[in-house]
Amino acid sequence: MPAKSAPARRWTTLAGLRSLSVTAWDRGQLLREALEPTDVYPRRRALKRPSATELRDHYAAAREWAAELFAAAGRYSLETVDVGRTTIGSNQLPAVAMFASVEDEVAFVGKSRELERFRSLASSLVALDPALTGWALKRPLALLALGDAALTAARVALWLRDHHSPAIYVRQLSLPGVHTKFIEAHRRTIDEMAAVLEPPEGSDQFPGGAPDDEILEVADSSAADEYLLGRPLARTPAARFAERHGFLHQPEQVRFRALDSAIPLLGDARDITVTATAFESLRLPVSTVIITENLVNFLALPDRPATLAIFGAGYGFSCLRDAAWLQACEVLYWGDLDTHGFRILDQLRLVHPHVSSVLMDEETLLAHRDAWGVEATPSRAVLSRLTPEEARVYEGLQTGSYGDKVRLEQELMGWEWALARLSRGR
């Protein structure tokens, strides 16, 4: 008996038909059609149906299958074909489900209320500027999800179109309902709307497929690393947004500690934060620089002659890009012993090729098995600026040679072990 019911799995059931329409909704196709109709409707969806042989051998299952489709008809109509005339007798089986309008198909998936809301939002958006139809067609589901926030984002985009290089901070933007947190949460939408309102010459509406923010916020994008450190761009998404639209933005900052009390700074101050521009201009009697990402390690590093410690910030080393004086120093990088730690090291070497890693070797990794953790999303990037030993450990972490998604956070390394190796520069 189970074998005789197997063919029914190939027939388009009511659930299968609905799944096709749900997929069209989830892809925004139904909303686009409602906003800018084409010749899609009436839409005919072909149904996989029983063959004459299947009808003969599985008549009860085929009758039940057809009955379900006939019973649900209303939002769709059914075209039938005559099957089995020469084997079991003439039977009219569903062959095509036809939706007369997009409204019918939307109602079939239970989204009529959402369609009504979408049309209202789209109408309000187009009333602000007809060019925004382009954005609504590109991001129909985003418009529905954002609701009134999309209209507020549109007003920001219109303001940007009319105020090139405003030379004010985003905080100073005076539009009802608009504040810094709103812009931070909707940068992508604002950028995309600004693009359709005033697209860059010779480009499509959304150049590159998405604004820089979304590209550079993906930690596992090697292209983003090159873009970030290889060009004089602001580091954070907020800073890049400000740069794109001519807003002022707070400068990048560098925090460092003098590990030698003889290094002249500001009175007795040894832990100092300055702008990246000020850091570039430093002229200090320093021969060694230690960069570490962990704050406690940064604060706990012991005294060391002619040495400066820098508190890193993950992938954010663009603030060190133009500090040419670092080229004359021994620069040690101490990061987490995981794939992203090596990616950060590789990124840093893009602008300071002479950087050496410390405590990022196999000996350190294997000596701290009891402190191993799990790296949630290991990097799969190909890194070209690692030494052979570093590359071997990086590959081992990638491939699971040491274990599944192994990582060793720098703060979990034995302190005496770390100090001994820092003193030797490895």
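We use all heavy atoms of the structure for the numbers below, so side chains are in, but hydrogens, waters and symmetry mates are not.
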Given Val102 and Asp104, is the side-chain contact (heavy atoms from CB on, under 4.5 Å) satisfied, shown in steps? CA-CA 5 Å; Val102 67; Asp104 284 338; over 6 Å; no
Side-chain donor-acceptor pair under 3.5 Å between [X] and [Y], yes or no?
X	Y	result
Glu330	Ser356	no
Asp26	Thr23	no
Glu54	Trp11	yes
Ser401	Thr399	yes
Thr13	Glu68	no
Ser21	Glu105	yes

Once rounded to the nearest 0.5 Å, what's the spacing between atom [atom1] of [X] and atom [atom2] of [Y]?
X	Y	atom1	atom2	result
Leu160	Ser165	CG	OG	10.5 Å
Leu386	Met360	CG	CE	8.5 Å
Leu47	Leu93	CG	CG	10.5 Å
Thr288	Leu422	OG1	CG	11.0 Å
Asn297	Thr292	CG	OG1	4.5 Å
Leu308	Ile272	CG	CD1	9.0 Å

4.5 Å side-chain heavy-atom contact, [X] and [Y]:
X	Y	answer
Phe342	Leu397	yes
Leu337	Leu359	no
Leu132	Leu197	yes
Asp336	Leu408	no
Arg49	Val81	yes
Arg349	Thr387	yes
Trp325	Glu280	no
Pro42	Phe99	no

Is the ring pair Phe311/Phe298 parallel, tilted or perpendicular, if the boundaries are 30 and 60 degrees? tilted
Please enumerate all residues that pass ring-ring contact (aromatic ring centres under 6.0 Å, His included) together with His163, with sequence neighbours excluded. Trp159
Taking only residues two or more places apart in sequence or in another chain, which ones pass ring-ring contact (aromatic ring centres under 6.0 Å, His included) with Tyr402? none
Kindly indicate, with the supporting measurements, whether the criterion side-chain contact (heavy atoms from CB on, under 4.5 Å) is fulfilled by Ile310 and Arg255. CA-CA 6 Å; Ile310 295 176; Arg255 181 176 177 181; over 6 Å; no
Over all atoms of both residues, closest heavy-atom pair of [X] and [Y]:
X	Y	answer
Leu125	Ala154	CD1-CB, 3.6 Å
Pro176	Thr152	O-CG2, 4.4 Å
Ala153	Thr189	CB-CG2, 3.9 Å
Leu320	Phe279	CD2-CE2, 3.7 Å
Phe241	Arg187	CB-CD, 3.5 Å
Ala381	Tyr394	O-OH, 2.7 Å

Whether the side chain of [X] engages the backbone of [Y] through a donor-acceptor N/O pair (distance < 3.5 Å, no angle test) should be reported.
X	Y	result
His186	Phe182	yes
Trp372	Lys405	no
His354	Cys329	yes
Asp271	Ala269	no
Asp338	Glu375	no

Test applied, side-chain contact (heavy atoms from CB on, under 4.5 Å); reference residue, Thr307; option that passes from Leu332, Ile290, Val286: Ile290
Sidechain N-carboxylate O distance under 4.0 Å for [X], [Y]:
X	Y	value
Arg75	Glu103	no
Glu36	Arg32	no
Glu409	Arg407	yes
Asp129	Arg161	yes
Asp82	Arg85	yes
Arg44	Glu79	yes

Checking Arg392 against Glu390 for the salt bridge (Lys or Arg N to Asp or Glu O under 4.0 Å) test, could you report, in this order, the C-alpha distance in whole Å, the side-chain angles of both residues, the deciding distance, and whether it holds? CA-CA 5 Å; Arg392 183 167 57 83; Glu390 292 164 352; over 6 Å; no
Stepwise, does the side-chain contact (heavy atoms from CB on, under 4.5 Å) test hold for Val274 with Gln253? CA-CA 5 Å; Val274 300; Gln253 297 184 321; over 6 Å; no
In terms of heavy-atom contacts, does CD of Glu184 have more than 12 from other residues, nucleotides or ligands at under 6.0 Å? yes
Could you please spell out the steps behind the side-chain contact (heavy atoms from CB on, under 4.5 Å) verdict for Ile291 and Val331? CA-CA 7 Å; Ile291 302 173; Val331 180; 3.8 Å; yes
Would you list the atom pairs, donor with acceptor, under 3.5 Å between side chains in residues 108-117 and any protein atom, with sequence neighbours excluded?
from: Arg117; atom 1: NH2; to: Asp148; atom 2: OD1; distance (Å): 3.3

